[in-house]
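The next block holds one structure in the form of structure tokens; read it before the comments.
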Amino acid sequence: MLQVNVLRGNTAEVKERLAVKRFAQPELVDTIIGLDDERKKLQAEFDTTQAKVNAASKEIGRLMGQGNKEGAEALKQDVAGWKAMLEPLKEKMATVEKELQDTLVILPNLPSTLVPAGKSAEDNVVVREGGNKPDLPKDAVPHWDLIKKYDLIDFETGAKITGSGFPLYKGKGAKLQRALIQYFLDYNTEAGYTEYLPPFMVNEASAFATGQLPDKEGQMYHAKDDNYFLIPTAEVPVTNIYRDTILKKEDLPVKMTAYSPCFRREAGSFGKEVRGLNRVHQFEKVEIIQIVEPATSYAVLDEMVAHVEKLLQNLELPYRILRLCGGDMGFTSALTYDFEVFSAAQERWLEVSSVSNFESYQTNRMKCRYKDADGKTQLTHSLNGSSLALPRIVACLLENNQATDGIKLPKVLHRYFGAETI
RNA sequence: GGUGAGGUGGAUGAGUGGCUGAAAUCAACGGUUUGCUAAACCGUCGUACGUCCUUUAAGAUGUACCGAGGGUUCGAAUCCCUCCCUCACCGCCA
């Protein structure tokens, strides 16, 4: 959520930035400022009246103590009058505040000046590519066939147990999941990230704080009896560790990593998009999250991008890094880099990570602040990224490394998987 | 799920209707002292939203906040109701 003061100081610039994100209601910026003005006016009025009530109440106490009943009674009359004024004011304030809040929440984060204009995935900018695309033999097959061949995942039984998009990993398929998770976590903790294993369901306040609510309500599975949401990413529970906190300068940067399953409803997806592991409702992911001083957040973003890039290099996969354009970015992000790996048999790029700087958009919702060098309290910046999402990594590993004598795994995985090939 | 006890500032913890935005202690921070460490002493030490003042910083001031939300009262941390959470015991259970 953006701060009203940011809107106030640079209304024109804010609207320009919102246009980059293809936000359709720039007039809401003015609406918000108007509502905030009204809020202030109402509060001033309320406060001065309430101050009179408080002073009179004290005086009544004093008069009673002196036994001056008549004086006290007279004052009570005054208080009754003021209180009658306070009631409607209070209601009006609540209405205006709610409207302000509701409107503020509709505004997406402002994209950084590095964000290219554009309306869809086509307009994303390739920052760099790495790794080598393999030369596959003519008879190379997509990962869903390899999965069958080596009996790694049973999609049909997963669908029987739950529904489509809930894979049942089996044998070496299951073990590969475990190996990848363990490798990713080790890689991250070696880089100074603290490992967490968070709750896989969150309450409404947490889902709101990281911006899943109200924007992505339909994306999450909702346990209505308890009003809990299955997490779509570990970002939600882990970032919320620092909800409503004030950190010390020396606590920063906070670096966290967590494995979690991710649950996504993905309503409306179909066809080739969802074949095999391309898109599923439940998948495994390891996430990295940082909470940092505002001045450092873009340097940290670069650091995180490099961190994920190295991981893909270690996995020996062909990848490319995209800077997302305004139209393709997430609601809460200021700058996002997507990582895609090339799945050679499908001849498709598959997204496996998304690393974003949210600046103070999440932390403002979360009220995650810190005391800066001058002792002033201000909002921190938050960032996160996947390192990595498993299914598409697996799809790519299988397709790109297929050979007649099995699937060759990259060196870094040997000791985790306990073998060099599948 | 049942019964009981609780939830107060960074921590411990006092506070059962007005003098309490909140004692005391500890921690933290600044200073004095000191060869260094320790100790002692002095000071500072909540958040949010307003208003005034100032170029800003700072300062002054108002309102709200003692788990959350309602209620009683001229006045609520304190009394009442609902909910949440923690702890103990019981039940169930990986």
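Just so it is clear, the model here is predicted, and its values are computed rather than measured. So that the names make sense, note that chain A is the first sequence line, chain B the second, and so on, each numbered from 1. As a basis for the values below, the full set of heavy atoms in this structure was taken, side chains included, without hydrogen atoms, waters or symmetry mates.
Partner assigned to B/A76 is none, using Watson-Crick or G-U wobble distances below 3.5 angstrom. Base pairing of B/C85 is made with B/G6, judged by Watson-Crick or G-U wobble geometry with both donor-acceptor distances under 3.5 Å. Across all strands shown, B/U16 forms no Watson-Crick or G-U wobble pair with both distances under 3.5 Å. Across all strands shown, nothing is found opposite B/U56 as a Watson-Crick or G-U wobble partner with both distances under 3.5 Å. Pairing partner, B/G21: none, since no Watson-Crick or wobble contact has both distances short of 3.5 Å. Using Watson-Crick or G-U wobble geometry with both donor-acceptor distances under 3.5 Å, B/G1 finds its partner in B/C90. Using the Watson-Crick or G-U wobble rule with both distances under 3.5 Å, B/U32 pairs with B/A40. Pairing for B/A48 is with B/U63, a Watson-Crick or G-U wobble pair whose two hydrogen-bonding atom distances lie under 3.5 Å.
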Got a list of side-chain donor-acceptor pairs under 3.5 Å for residues 185-193 of chain A, not counting sequence neighbours?
from: A/D186; atom 1: OD2; to: A/Y416; atom 2: OH; distance (Å): 2.5
from: A/Y187; atom 1: OH; to: A/H307; atom 2: O; distance (Å): 2.6
from: A/N188; atom 1: OD1; to: A/H307; atom 2: NE2; distance (Å): 2.7
from: A/N188; atom 1: OD1; to: A/S387; atom 2: OG; distance (Å): 3.3
from: A/N188; atom 1: ND2; to: A/F184; atom 2: O; distance (Å): 3.3
from: A/N188; atom 1: ND2; to: A/T257; atom 2: OG1; distance (Å): 3.1
from: A/N188; atom 1: ND2; to: A/S387; atom 2: OG; distance (Å): 2.8
from: A/T189; atom 1: OG1; to: A/L185; atom 2: O; distance (Å): 3.0
from: A/T189; atom 1: OG1; to: A/D186; atom 2: O; distance (Å): 3.1
from: A/Y193; atom 1: OH; to: A/Q290; atom 2: NE2; distance (Å): 3.0

Show me, pair by pair, the donor-acceptor contacts under 3.5 angstrom made by side chains of residues 81-100 of chain A, not counting sequence neighbours?
from: A/T95; atom 1: OG1; to: A/E91; atom 2: O; distance (Å): 2.8
from: A/K98; atom 1: NZ; to: A/D102; atom 2: OD2; distance (Å): 2.6

Acceptor/donor pairs from residues 321-333 of chain A side chains to any protein atom, 3.5 angstrom cut, sequence neighbours excluded:
from: A/R323; atom 1: NE; to: A/Y337; atom 2: OH; distance (Å): 3.2
from: A/R323; atom 1: NH2; to: A/Y337; atom 2: OH; distance (Å): 3.1
from: A/D328; atom 1: OD2; to: A/N124; atom 2: ND2; distance (Å): 3.0
from: A/S333; atom 1: OG; to: A/L335; atom 2: N; distance (Å): 3.2
from: A/S333; atom 1: OG; to: A/L335; atom 2: O; distance (Å): 3.4
from: A/S333; atom 1: OG; to: A/T336; atom 2: OG1; distance (Å): 2.6

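Here the CE-OG distance, from A/M304 to A/S353, works out to 8.5 Å after rounding to the nearest 0.5 Å.
One interatomic measurement links the two molecules: CG of A/N203 to C1' of B/C85, which rounds to 12 Å at whole-angstrom precision. Nucleotide B/G10 holds its P atom 14 Å from the CG atom of A/D251, rounded to whole Å.
Separation of the C1' atoms belonging to B/U86 and B/C26 is 23 Å when rounded to the nearest angstrom. Comparing the same atom, P, in B/U20 and in B/C41 gives a spacing of 26 Å after rounding to whole Å. Here, B/G10 and B/G46 have their C1' atoms 10 Å apart, quoted to the whole Å. Taking atom P in both B/C84 and B/G69, the straight-line distance is 15 Å, to the nearest Å. Taking the P atom of each, B/A39 and B/U47 are spaced 27 Å apart, rounded to whole Å. Taking the P atoms as reference points, B/C81 lies 13 Å from B/A5, given to the whole Å. B/C89 and B/A48 have their C1' atoms separated by 41 Å, given to the nearest Å. Distance noted for atom C1' between B/U12 and B/U54: 41 Å (whole Å).
Below 30°, between 30° and 60°, or above 60°: for A/F263 and A/Y221 the angle between ring planes is above 60°, a perpendicular geometry.
In this structure, A/S57 has no side chain to side chain donor-acceptor pair (under 3.5 Å) partners at least two apart in sequence or on a different chain. With sequence neighbours excluded, the residues satisfying ring-ring contact (aromatic ring centres under 6.0 Å, His included) with A/F229 are A/H222.
Checking side-chain atoms of A/H381 against main-chain N and O of A/T296 turns up no donor-acceptor pair under 3.5 Å.
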Can you build the contact string for nucleotides 45-75 of chain B? Use B for base contact, S for sugar-phosphate-only contact, and - for no protein heavy atom under 4.0 Å.
--SSBS-----------BSS---------BS
